[in-house]
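Here's the structure, in structure tokens; my notes come after.
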Amino acid sequence: METLTIIQPDDLHLHLRDGAALSSVVAATASQFARAMVMPNLNPPVTTVEQALAYRNRILDSLPSGSRFEPLMTLYLTDNTRADEIAAVADSEHVYAFKYYPAGATTNSDRGVMDLTKAYPLIERMEKLGVPLLVHGEVTDVDVDTFDREQVFIDRLLAPLLRRFTTLKLVFEHITTAQAVQFVTESTGNIAATITPQHLLYNRNSLFNRGLRPHAYCLPVLKRETHRQAVVRAATSNNPRFFLGTDSAPHARLAKENSCGCAGIYSAPCAIELYAEVFEAAGKLDHLEGFASRFGAQFYGLPVNKVFITLVKQDWQVPESFPFADTEIVPIRAGETCHWKLLTNEK
Ligand code: NCD
Ligand code: ZN
């Protein structure tokens, strides 16, 4: 049987939620990934190191016994972020970065930044102290077409930002377009990008496949096939600027199957298997380890994990749903087949 053994990967963009929802999903990630960069968009958001450390403890308390999973915490940048919070992050052992959401861009982003230029004094401190800024790279203007919001963000906000802060450590999160790939590839700055499984596997037709498919809806929204191909080329290129971040974003079934459905795809139960499928289809399985297990750690200055995982080429069916708090959640590829299977993972 064909097998693939790689250094255990890290998920450098993850939503874990809180309370009963957190307890429902954290084990799925911990069974695949050694560490994850945990997004701060709780309600209310995680805005201080103190809150992030409390949240980290809740995550650790929700883990199955014996798990060695390490949550890497982030803070939510708001119009009210205090300058000394940046120094606190720089000094913190467990908090790694600030996350920038444009106000109103996505789930629980109402407290996001209204005008990025107003945050420039804070960003200047991040640059000085080497604190990374993680960006949700979409404009939110209602007059900009949803499918263009990433490329307009590059032109209007990201390019000017990086011209001004030339040594800022920045991660362009969950990129979805050829323009983002080109921007990250050609940048002279200290920047990188995360890539999700859904943007590697699916194009926007998946949203309208014989009917409206709420479980394929995430933000940034899936794009056309040419963009998907550009993102696959980037992920599989062995360029250390592109690394794994699932953006696994759990929402209860009824929050998605709704007249105003939430954005977010839950991929934690089969994430590494889906990435393996993409790399295999591209003929680049030998580049999976860099993307999944090395480049993210290198960017954040973390040691590469010492544990290995093994994937086997074996079909298995993803469950139609999983328990989620007092309800249920529908994962990516629900009821369909995965072609790789993570060993040691009871499914
Ligand atoms: C995320 C969520 O639900 O928290 N949703 C998503 O579609 N990706 C928020 C985000 O990362 O945009
Ligand atoms: Zn996200």
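Computed from heavy atoms alone, side chains included, the values below leave out hydrogens, waters and symmetry copies. Just so you know, ligand 1 is whichever comes first in the structure, and atom 1 is the first atom listed for that ligand.
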Is it possible for you to check whether R204 lies under 6.0 Å from the centre of the six-membered ring of F147, through NZ or CZ, and within 45° of that ring's axis?
-> yes
Tell me, please, whether Y217 has K256 positioned over its six-membered ring: NZ or CZ under 6.0 Å from the ring centre and within 45 degrees of its axis?
-> no
The Zn ion (ligand 2) to nearest N/O/S of [X] less than 2.8 Å:
X    : result
E173 : no
H136 : no
H174 : no

Test item, R17 contacting ligand 1 (heavy atom, 4.0 angstrom) = yes
Can you find a non-hydrogen atom of E173 under 4.0 Å from ligand 1?
-> no
With a 4.0 Å heavy-atom cut-off (strictly under), which part of I265 contacts ligand 1: side chain, backbone, both or neither?
-> neither
Counting heavy atoms under 4.0 Å, the part of M39 that contacts ligand 1 is neither
For the residue pair Y100 and I123, establish whether any side-chain heavy-atom pair is separated by less than 4.5 Å.
-> no
Within-4.5 Å side-chain heavy-atom neighbours: L134 and M39 | yes
With heavy atoms of A249 as the reference, note each atom of ligand 1 found under 4.0 Å away.
-> 1 (C), 2 (C), 3 (O), 5 (N)
In terms of atom number and element, which parts of ligand 1 are under 4.0 angstrom from non-hydrogen atoms of H136?
-> 12 (O)
Look only at interatomic distance and state if [X] has a nitrogen or oxygen under 3.5 Å from any nitrogen or oxygen of ligand 1.
X    : result
K99  : no
G264 : yes
Y101 : no
C218 : no
A263 : yes
D247 : yes

Relative to the ring of [Y], is the ring of [X] parallel (under 30°), tilted (30 to 60°) or perpendicular (over 60°)?
X    : Y    : answer
F322 : Y266 : perpendicular
Y300 : Y96  : perpendicular
Y101 : H136 : tilted
H13  : H174 : tilted

Could you give me the CA-CA distance, side-chain angles and deciding distance for L170 and I191, then say whether side chain to side chain contact (heavy atoms under 4.5 Å, CB included) is met?
-> CA-CA 5 Å; L170 181 141; I191 79 166; 4.0 Å; yes
Where the Zn ion (ligand 2) is the centre, what is the NE2-to-NE2 angle for H15 and H13, rounded to 10°?
-> 110°
Look at K118 together with D79 and state whether they make a salt bridge at an N to O cut-off of under 4.0 Å.
-> no
Taking only Lys NZ, Arg NE, NH1 and NH2, and the carboxylate oxygens of Asp or Glu, determine whether E257 and R213 approach each other closer than 4.0 Å.
-> no
Closest D247 atom to the Zn ion (ligand 2) [N, O or S only] = OD1
